[in-house]
Every structure is written in structure tokens, then in C-alpha cells.
Amino acid sequence: MSICNSSSNSSSSKTWIIHGVVAAAVALGVTAYFSRRSSKFRSRVIGIIPARYASSRFQGKPLVSILGKPMIQRTWERAKMAASLDHVVVATDDYKIAECCKGFGADVVMTSESCRNGTERCNEALQKLGKKYDVVVNIQGDEPLIEPEIIDGIVKALQAAPDAVFSTAVTSLKPEDAFDPNRVKCVVDNHGYAIYFSRGLIPFNKSGKVNPQFPYLLHLGIQSYDANFLKIYPELPPTPLQLEEDLEQLKVLENGYKMKVIKVDHECHGVDVPEDVEKIESYMQQRNLS
């Protein structure tokens with residue numbers, strides 16, 4: 001028996017504006033596997049939804065009900081709508097999550113409890129699948145309203161930037177989220193590459209206050225990797241900034257790799273703590289999203 005209710009209702013789709021896919025610069029430490037490019041460059045794409053039960057901030061988060069459906073199911077349904085994905089799987093170390101996901105029709109890969117973050121879980125799942133993919137999209141299971149257009153956008157950005165190993169998305173930061181450490185901020189350079197991510201407000205001006213005129217950026221919980229780089233990532237030692245901020249993408253930057261960033265219009269954000277469930281349900285009810 002499945003431990004959750006399944007339903008196939010889909011949310012209405014929305015057209016999102018994707019900005020700034022710019023030509024890539026050569027990244028320090030990027031090796032020769034990027035030297036060849038063809039019409040099929042990075043064409044085989046898999047979406048992996050890493051999900052774990054034991055979260056310090058919100059235990060059992062993937063299974064929490066969002067208007068009658070488990071959150072992991074809502075994320076999976078959104079991911080299945082992305083045109084760029086050839087396959088979508090859930091990667092988990094928990095049998096309760098696996099049983100739930102199989103109940104609504106998702107493919108599941110069991111991974112070890114030793115994975116330190118979602119990126120490592122994606123890598124283990126990819127190796128266990130034993131199939132050849134060029135791009136792996138890490139779709140956070142706590143983003144139940146992620147738009148398929150955003151998934152497609154970061155895939156296209158990585159395909160268009162052969163010397164980048166990673167791509168991700170940002171949106172405008174709301175003033176009320178400026179000092180929330182659960183809302184990760186990002187700054188980018190003039191060519192659309194990530195400079196830094198932080199749980200603090202960046203940039204931070206000398207007044208110590210939010211500048212209402214500045215276009216602060218909020219990082220969305222989705223990222224894609226070149227599959228060859230994903231194999232390398234777990235072997236890279238943890239870095240000081242990564243450990244201090246507890247942000248896995250900083251290990252990529254600290255090791256000199258390029259990360260492409262696209263800016264999208266996206267109103268609703270992920271579920272980080274139990275209080276976010278009520279907020280996202282209210283958002284969905286106001287917009288008649290089932």
C-alpha cells in the first residue's frame with residue numbers, strides 16, 4: 001500500500017522570461033572533455049530529484065502534504081513537464097520516500113545515507129542507472145511549484161556554454177527575504193556567470209540596510225551539471241567558503257569552475273521550514289492551483 005495519495009492533476013503552465021544566455025569564457029581547471037562540440041552537444045539530459053527524510057530543519061519534508069499531495073509528487077509532476085528532460089527519477093536513501101514515489105508512478109533509485117548533499121546523491125544515482133547522459137539536472141524536491149520552463153532554461157544555458165560545468169537560476173529577491181538565511185542570495189558578473197552565493201545579503205552596503213533600488217538576486221533550488229564534471233565533484237575536497245555558508249555550489253566556484261546563471265521571473269519559492277507549507281498553500285489557493 002502506498003503511504004500517500006496519488007493524483008495526476010497538473011498545474012496550469014505559465015510563460016516565463018529567461019534572460020541572459022551569454023557565450024562562455026574559459027574556466028580555470030576545466031579539462032579537455034569540453035574540447036569537442038557538435039550539433040548533439042550535451043543532448044542527453046536526465047532530471048534527478050534528490051530526497052532525504054532526515055533533514056535538520058524539517059524532518060520528513062519530501063512527504064509533507066501540500067493541498068492533499070506529497071510535496072515530492074508535486075515536484076515530480078512539474079519536472080515531467082519539462083521538454084528538455086529525457087528521463088526523471090527520484091534519488092533517495094529512505095524507503096518511506098521510495099514507497100511513496102513508486103505509488104504515484106515515479107522511477108526511484110536508492111542511494112546511500114553517506115551522501116553529503118544533493119549533488120553527491122545525484123552522482124550516485126547517475127552511476128547506478130548505468131546509462132549515458134550528458135547533462136544532469138538536480139531538481140530540489142522542496143520546490144513543488146518549479147516551472148518546467150526554468151528547467152528547460154538552465155539546460156539550454158549549459159548547452160550554450162561549453163566551458164561551463166554548472167548552470168542555475170535566480171530571480172528577484174523580495175525585500176522581506178533579505179536577511180533570511182534560508183533564502184540564498186547570488187551575485188553574477190557582466191557575462192552571466194556566478195561570482196558568489198551567500199545566506200547573507202549580498203552585496204551588503206555600508207548602511208547595513210536594504211537598498212530598494214538595487215536588483216538583489218535570490219537563488220532558486222535548481223541546477224544542472226555537465227555529467228563528466230558531476231563525476232569529479234565528490235572527489236573535490238570541501239572548501240572553506242562552502243563549509244562556512246553550507247552551500248554546495250561554492251565548492252564549484254572555489255575550485256575555479258564556471259557556473260552559468262540565468263535570471264527568471266518566478267514568484268513562489270521552496271519549502272525550507274514547516275512554516276513555509278502554509279505560505280505555499282495560501283499562494284496556490286489564491287491562484288487556483290490544484
Side-chain angles (χ1 to χ4, degrees), residues 14-22 24-25 57-58 117-119 137-140 142-147 149-154 156-158 161 164 166-224 239-254 257-273 275-280 282-284 286-287:
K14 193 181 283 187
T15 301
W16 298 95
I17 303 171
I18 298 180
H19 311 273
V21 177
V22 187
R57 291 182 295 177
F58 193 170
N117 51 52
T119 302
V137 185
N138 178 344
I139 304 164
Q140 299 295 316
D142 56 9
E143 291 277 351
L145 293 182
I146 188 67
E147 288 295 328
E149 292 86 356
I150 295 177
I151 297 173
D152 294 336
I154 65 167
K156 291 176 182 176
L158 191 59
F166 193 119
S167 65
T168 191
V170 296
T171 193
S172 297
L173 178 72
K174 296 178 181 178
E176 60 267 29
D177 292 331
F179 298 105
D180 184 345
N182 293 318
R183 304 301 189 210
V184 177
K185 294 78 175 177
C186 176
V187 287
V188 301
D189 67 17
N190 291 336
H191 302 287
Y193 291 96
I195 297 174
Y196 193 66
F197 296 85
S198 180
R199 295 185 181 278
L201 182 64
I202 52 174
F204 191 77
N205 61 56
K206 61 184 180 181
S207 76
K209 300 178 181 179
V210 176
N211 177 2
Q213 305 304 316
F214 191 86
Y216 298 101
L217 298 176
L218 174 73
H219 182 228
L220 299 179
I222 184 168
Q223 45 217 23
S224 71
T239 54
L241 296 175
Q242 173 204 2
L243 294 174
E244 182 64 20
E245 295 264 16
D246 191 21
L247 296 173
E248 60 190 272
Q249 57 269 37
L250 290 177
K251 185 165 78 165
V252 180
L253 297 180
E254 284 185 87
Y257 291 96
K258 285 285 189 179
M259 186 183 302
K260 196 70 177 138
V261 179
I262 62 170
K263 185 173 186 293
V264 301
D265 293 332
H266 186 62
E267 293 181 48
C268 194
H269 312 310
V271 175
D272 296 303
V273 293
E275 293 75 22
D276 290 334
V277 174
E278 184 178 348
K279 294 177 184 178
I280 203 164
S282 176
Y283 177 92
M284 293 174 67
Q286 290 171 8
R287 289 158 181 80

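Just so it is clear, the model here is predicted, and its values are computed rather than measured.
Under the 4.5 Å side-chain criterion, counting only non-hydrogen atoms from C-beta, I202 is not in contact with F197.
Environment of CD in E278: sparse, with no more than 12 heavy atoms of neighbouring residues, nucleotides or ligands closer than 6.0 Å.
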Legend entry - Test log, rule side chain to side chain contact (heavy atoms under 4.5 Å, CB included), inputs N205 and F214: CA-CA 10 Å; N205 61 56; F214 191 86; over 6 Å; no
Inset, instruction - Start with the C-alpha distance between E143 and I222, add both sets of side-chain angles, then the distance that settles side chain to side chain contact (heavy atoms under 4.5 Å, CB included), and finish with yes or no. - result: CA-CA 8 Å; E143 291 277 351; I222 184 168; over 6 Å; no
Inset, instruction - Step by step, work out the side chain to side chain contact (heavy atoms under 4.5 Å, CB included) result for D276 and F58. - result: CA-CA 10 Å; D276 290 334; F58 193 170; over 6 Å; no
Legend entry - T168/Q249 under side chain to side chain contact (heavy atoms under 4.5 Å, CB included): CA gap, chis, key distance, verdict: CA-CA 10 Å; T168 191; Q249 57 269 37; over 6 Å; no
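Closest heavy-atom contact between I262 and A157: CG2-CB, 3.7 Å. Listed here is the closest heavy atom pair of F179 and P181: O-CD, 3.3 Å. Looking at every heavy atom in both residues, L173 comes nearest to K185 through CD2-CG, 4.0 Å.
Between D272 and R183, at least one side-chain N (NZ, or NE/NH1/NH2) sits under 4.0 Å from a carboxylate O, which counts as a salt bridge.
Summarising the geometry, atom CD1 belonging to I139 is positioned 10.0 Å from atom OG belonging to S224; distances are rounded to the nearest 0.5 Å. Separation of atoms CD1 (I150) and NE2 (H266) is listed at 5.0 Å; rounding is to 0.5 Å. L158 contributes atom CG, which lies 11.0 Å from atom CE of M259 (distance to the nearest 0.5 angstrom). Taking CG of N190 as the start and CD1 of I195 as the end, the distance is 8.0 Å to the nearest 0.5 Å. Of the inter-residue distances, the one linking T239 atom OG1 with L253 atom CG reads 9.0 Å to the nearest 0.5 angstrom.
Panel note: side chain Y216, backbone N211; a donor-acceptor pair is recorded below 3.5 Å. Judged by distance alone, with hydrogens and angles left aside, the side-chain atoms of T171 form a donor-acceptor pair with the main-chain N or O of V264 at under 3.5 Å. The main-chain N or O of L241 is found under 3.5 Å from a side-chain atom of E254 such that the two form a donor-acceptor pair. R199 places a side-chain N or O within 3.5 Å of a backbone atom of D246 that can act as its donor or acceptor partner.
The side chain to side chain contact (heavy atoms under 4.5 Å, CB included) test with L217 singles out one residue from V187, V170, V184, and that residue is V170.
For the 3.5 Å distance criterion, the side chains of S172 and K263 qualify, holding a donor opposite an acceptor.
With a 6.0 Å cutoff to the six-membered ring centre and a 45° limit on the axis angle, K260 does not count as a cation-pi contact of F166.
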